[in-house]
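So the structure is just underneath, and the comments pick up after that.
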Amino acid sequence: MKLTLNQKKAHDIERHIALTAGAGSGKTAVLVNRYIEILIKKNLRVGQVVAITFTEKAATELRQRIFHEIENRISDGRDVDKLIEIKGNMISAQISTIHAFCSKILREHPIEAEVDIGFRIINGIEQRISVRNSVKSILKTIAEYPEEDSSRQRLANLLRIFGEKRFEQIITKFFSRRYAIDQLSDKIYQLSDDQILSYWQQFIQDQLSQIIEKKFSIETWINQLNTALTIATGRNAKTVRDLVDKLDANRNLQKNIPILNQISDLILTRDKKNIAKQNFFGRGTKIEEFENQVQFLVEAGQTVKTFPSINSDDRLLVGISHSLVEIYRKVRDHYDTQNAQQSVLDFDDILVKSKTLLRNPAIRNRLAQRYAYIMVDEYQDTNMLQYEILKPIISDFSTGNFFIVGDQKQSIYGFRDADVRVFQQTTNEILEYQEKNASDFKWDEQLLSSTQREKCGSLHLAENFRFLRNLIAFVNLLFEQIMGYEPENEFEVRYDPLIKGRINNASGDIELLLGSETQNEHQLITARIHHLINTEATVWKRTDMGEMARPIRYSDIAVLIRNRTHLPQIESQFIQAEIPYRIAGGIGFYQRQEIYDIINYLQFLENPSNDVALFG
C-alpha cells in the first residue's frame with residue numbers, strides 16, 4: 001500500500017493523535033496498520049490494544065481487515081514469528097463497540113460496580129416495555145397518595161395538560177436521553193423555579209454576549225446606527241436615537257443587550273426579515289447609499305432577536321418541567337430497582353456504571369496499565385459520557401496512547417446523544433497536553449515536514465480516494481460556500497477542502513438532467529443509462545496493476561432516491577427499457593420477509609384453518 005504524507009504521520013505511535021478523516025480517505029487502512037505496528041514495535045499482547053468502533057458490524061469488518069493484513073505480511077516474510085503469534089491470539093483481540101468494552105470491564109469488577117456478574121443486557125422492545133411498566137406502576141402508586149400530597153397534585157396537573165398517553169410518551173422519551181436528563185436533574189432541577197429562570201436568562205445573555213463581541217461589537221452598532229440616523233425620519237427614529245445615546249454612555253454588554261433588543265424591534269420589520277423602511281427611515285427616504293449600514297443592522301438585529309427573553313410562559317414551562325423531572329426520578333428509581341432484581345442492564349446503565357466504576361483509583365490504575373493503546377473510530381459520533389469513560393483509562397493523557405479518528409461533518413447521531421463538540425474538545429485537550437511537543441514525524445528514518453499543530457497531535461487526511469477530479473472540485477465549490485471556514489458556534493464545523501488521491505487522469509463529470517412536460521424524471525434517468533451503456537462510457541477500477549479504464553457496466557450505476565414514493569414508476573420504466581436492476585434496502589421494515597413470516601405464523605396459530613397463512 002502506497003501511503004500519502006498525512007497517512008504516514010497518522011502511523012506515529014509515540015504521541016496522542018486526533019485524526020480528521022472523511023469517507024474514502026483511507027482511514028480504515030491507517031487503523032489496520034497502526035494496530036499491527038503497535039503490537040510488533042511495542043511487543044505487546046493482543047489484549048493490550050483496544051479498538052473501539054461504532055457498531056458490531058464495523059468491529060467485525062475491522063477484525064477481518066486486520067486478519068487479512070496479517071496474512072499478507074506473513075506471505076511477504078515480514079516479522080513472521082510475531083505475526084503468527086498475533087494471528088493465533090486474534091480471538092482475544094479487544095475490538096468492539098464501547099458498550100461491549102464497558103460490559104467486559106463491569107463483568108471483571110462486579111462487586112465494585114455493584115452488578116450481578118451474570119447480568120444480561122436488554123435493548124429495544126424489551127427495554128421499552130420495562131420502562132412502560134415502571135411508568136404505569138409509579139402513576140398508580142402516586143394516584144393512591146392523599147389528595148393533599150404535592151406529588152399527587154403535580155401529577156394531576158400534568159395529566160390535565162398532556163393527557164395520560166402523551167404524558168407516558170414524554171417520560172418514556174426522557175429515558176432515551178437518560179444521561180442528559182439525569183445531569184439536568186442533578187445540576188439544574190435541584191434549584192427553585194426562580195433560580196432556574198435566572199440561570200437560563202444568564203446563559204442566554206452570555207451566549208449572545210459572545211456573539212456580539214465577536215461579530216457585532218457595540219462600537220460598530222453605534223457607528224452604523226448613527227450613520228443611518230443622519231437620514232432616518234420615521235416615527236421610530238427619535239426613540240432609536242435616545243436608545244443609542246444610552247448605549248454610548250454604557251458599554252457593559254449585560255446592560256446593553258436589553259437596549260439592543262429594543263432597537264432591533266424598532267429598526268426591523270415585524271417578521272424581522274428586513275429593515276423597517278417606513279417606521280425607521282421614513283416614507284420616501286432614499287437609502288441606496290446606505291446599503292452597508294442596512295445590511296449590518298438587519299444581520300445584527302436578527303441575531304439579537306434569535307435569543308429569547310424570559311417571560312411568563314417560561315415561568316409556566318419551568319414549573320411543568322420541574323414536575324416532569326420529579327415524576328421521572330421516581331420512575332427511574334423504580335426502573336433501576338426492577339432491573340437490579342432481574343440482573344439486567346440496558347446500554348445506558350452499562351456506560352453510567354462504567355464511569356462510576358472508574359472513579360475507583362485502584363481499578364482505574366489497573367486498567368491504565370493493561371490498556372496501553374486505545375483507538376476510537378467514528379469519533380464524531382461519541383458522546384461526552386463515553387469520553388469520560390475512556391479518558392481516565394489513559395490517566396488524562398499522562399499514560400498510554402490515545403488515537404481518535406473521524407469526520408465532524410458526518411456527525412448525524414444526535415438522537416443517540418452523540419455530540420460533535422466532543423471531537424473538538426478532545427482535540428483541544430490533546431493539543432494542550434502536547435503543546436510543547438517538538439518531535440518530528442518519521443517514516444523509514446526520514447523526517448516528515450510538519451506544522452507545530454500536527455506535531456502536537458492534530459492531523460487531517462485530506463486526500464480522497466473515491467472521487468475523480470471534477471467531483472472533488474464540485475464538492476469543494478459547493479460546501480465551501482455552505483459551511484465556510486470559520487464556524488459561527490461550537491455546534492458547527494469548518495469545511496476542509498478535499499484533495500484528489502486517486503492516481504489516474506480521469507476527470508469525472510457532474511451533470512444536471514432537466515426534464516420537460518413531455519419527458520419525466522424516470523424517462524430521463526433511463527435514457528441517460530442507455531446512453532452511458534451504448535457509448536461505452538469509461539469507468540476506472542482498482543487492480544493489482546493500479547487503476548485501469550474499462551467500459552461501463554449496468555452494475556457500475558446506482559440510482560439514489562430520497563424515499564420509496566416513486567420506486568414503482570422507476571421500476572416500471574426500467575422494465576420497459578429492459579434495464580437489469582436490483583433494489584438495495586428499498587423495502588420498509590414491515591415489508592421485510594422476516595416480518596411476513598412472523599405475521600403468517602401468528603395468523604396460523606390464531607386460526608389453524610388459515611391455509612394461506614400456513615402456506616406462507
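Judged by a 6.0 Å distance limit and a 45° cone about the ring axis, R107 is positioned over the six-membered ring of F119.
You'll find the side chain of I212 reaches within 4.5 Å of the side chain of L260, heavy atoms only. Inter-residue side-chain proximity for D348 and F175 is flagged as unmet; no heavy-atom pair is nearer than 4.5 Å. Y495 is not listed as a side-chain neighbour of Q481, based on a closest heavy-atom distance of 4.5 Å or more. Counting heavy atoms from C-beta on, the side chains of I105 and L367 come closer than 4.5 Å. By the 4.5 Å heavy-atom criterion applied to side chains, V304 and I263 are not counted as neighbours. Using a 4.5 Å heavy-atom threshold, the side chains of L390 and I98 count as touching. Side-chain contact between Q293 and I287 is absent, with no heavy-atom pair separated by less than 4.5 Å. Side chains of D336 and D349 form a contact here, defined as non-hydrogen atoms less than 4.5 Å apart.
A salt bridge is defined here as a Lys NZ or Arg NE, NH1 or NH2 lying under 4.0 Å from an Asp or Glu carboxylate O, and R132 with E168 fails to meet this definition. A salt bridge links D346 to R178: one of the charged nitrogens lies within less than 4.0 Å of a carboxylate oxygen. Under a 4.0 Å N-O distance rule, the pair R15/E454 does not qualify as a salt bridge. The pair E126-R120 meets the salt-bridge criterion, with a side-chain N (NZ, NE, NH1 or NH2) lying under 4.0 Å from an Asp/Glu carboxylate O. Under the 4.0 Å criterion applied to side-chain N and carboxylate O atoms, K104 and E108 are assigned as salt-bridge partners. A salt bridge does not link D242 with K246: none of the charged nitrogens is closer than 4.0 Å to a carboxylate oxygen. Of the charged side-chain nitrogens involved, none lies within less than 4.0 Å of a carboxylate oxygen, so that K353 and E114 do not count as a salt-bridged pair.
Between Y433 and F397, the ring-plane angle classifies as tilted under the 30° and 60° cut-offs.
Side chains of S398 and D396: no donor on one and acceptor on the other come within 3.5 Å. Side-chain atoms of Q195 and S192 include a donor-acceptor pair closer than 3.5 Å. With 3.5 Å as the limit, one finds no donor-acceptor pair spanning the side chains of S134 and S137. Looking only at atom types and distance, the side chain of H334 has no donor-acceptor partner in the side chain of R329 under 3.5 Å away. Using a 3.5 Å distance cut-off with no hydrogens or angles, the side chains of N428 and E432 do not pair a donor with an acceptor. Of the N and O atoms on the side chains of S151 and Q153, not one donor lies less than 3.5 Å from an acceptor on the other residue. Looking at H16 and N401, their side chains never bring a donor and an acceptor atom within 3.5 Å of each other. No side-chain donor from either of K330 and Y335 sits under 3.5 Å from a side-chain acceptor of the other. Neither side chain, Q386 nor Y179, offers a donor N or O lying under 3.5 Å from an acceptor on the other. Under 3.5 Å, the side chains of Q295 and E291 contain no donor-acceptor pair of N or O atoms. Side-chain polar atoms of Q380 and E378 form a donor-acceptor pair below 3.5 angstrom.
Between the side chain of S217 and the main chain of E213, no donor-acceptor pair closer than 3.5 Å is present. Looking at T306, its side chain does come within 3.5 Å of a backbone N or O of Q302 through a donor-acceptor pair. Between the S185 side chain and the I181 main chain, no donor and acceptor come within less than 3.5 Å of each other. Between the side chain of Q434 and the backbone N or O of C456 there is at least one donor-acceptor pair closer than 3.5 Å. For R152 (side chain) and Y145 (main-chain N/O), a donor-acceptor pair under 3.5 Å exists by modelled atom type. Side chain of Q262 to main chain of T239: no donor-acceptor pair is present (N/O by atom type, distance under 3.5 Å, no hydrogens or angles).
Within a 6.0 Å radius of NZ in K391, more than 12 heavy atoms belonging to other residues, nucleotides or ligands are found. Enclosure of atom CZ in F162 by more than 12 non-hydrogen atoms of other residues, nucleotides or ligands within 6.0 angstrom is indicated. Other residues, nucleotides and ligands contribute over 12 non-hydrogen atoms within 6.0 Å of the CZ atom of R241. More than 12 heavy atoms of other residues, nucleotides or ligands lie within 6.0 Å of CD1 in I482, so this atom counts as buried by the packing criterion. By the neighbour-count criterion of 12 heavy atoms within 6.0 Å, atom CD1 of I117 is sparsely surrounded, having that number or fewer from other residues, nucleotides or ligands.
Counting all heavy atoms, side chain and backbone alike, I275 lies closest to V298 at N-CG2, 3.7 Å. Nearest heavy-atom pair, G282 versus T233, reported as atom, atom and distance to 0.1 Å: CA-OG1, 3.8 Å. For the pair S395 and A368, the tightest heavy-atom approach, listed with the atom from each and the gap, is OG-CB, 3.8 Å. The heavy-atom pair separating N236 from L266 by the smallest distance is ND2-O, 3.1 Å. Contact between F423 and L19 at its shortest, heavy atoms only, is CZ-O, 3.7 Å. Of all heavy-atom pairs spanning I196 and H322, the tightest one is CD1-CE1, 3.6 Å.
Expressed to the nearest 0.5 Å, how far CG of N274 lies from CG of L268 amounts to 8.5 Å. To the nearest 0.5 Å, the span separating CG on N123 from CG on L345 amounts to 12.0 Å. The OG atom of S264 lies 11.0 Å from the CD1 atom of I257; values are rounded to the nearest 0.5 Å. Atoms CZ and OG, on R315 and S312 in that order, are 9.0 Å from each other to the nearest 0.5 Å. Atom OG1 of T20 sits about 8.0 Å away from atom CD of Q424, to the nearest 0.5 Å.
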### Query
Passes salt bridge (Lys or Arg N to Asp or Glu O under 4.0 Å), D496 versus R494? Steps please.
CA-CA 6 Å; D496 294 309; R494 57 171 286 163; 3.1 Å; yes

### Query
How far apart are the C-alpha atoms of Y387 and D419, what are their side-chain angles, what is the distance that settles it, and do they pass the side-chain contact (heavy atoms from CB on, under 4.5 Å) test?
CA-CA 11 Å; Y387 179 43; D419 189 340; over 6 Å; no

### Task
Could you check I211 against F307 for side-chain contact (heavy atoms from CB on, under 4.5 Å), going step by step and ending with a plain yes or no?
CA-CA 11 Å; I211 292 177; F307 289 78; 3.5 Å; yes

#### Entry: Residues Y371, F101; criterion ring pair (Phe, Tyr, Trp, His ring centres under 6.0 Å); working and verdict
CA-CA 12 Å; Y371 299 122; F101 176 64; 5.3 Å; yes

### Message
Is there a side-chain hydrogen bond (donor to acceptor under 3.5 Å, both in side chains) between Q410 and D407? Walk through the geometry before answering.
### Response
CA-CA 6 Å; Q410 296 184 57; D407 180 10; 3.1 Å; yes

### Query
Passes side-chain hydrogen bond (donor to acceptor under 3.5 Å, both in side chains), D206 versus Q202? Steps please.
CA-CA 6 Å; D206 289 345; Q202 187 63 48; 2.9 Å; yes

### Steps toward side-chain contact (heavy atoms from CB on, under 4.5 Å) verdict (Y199, K187)
CA-CA 11 Å; Y199 174 89; K187 295 179 180 179; over 6 Å; no

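For an aromatic pair to be called close, the ring centres must be under 6.0 Å apart, and F402 with Y373 fails this. In this structure, F290 has its ring center at least 6.0 angstrom away from the ring center of F296.
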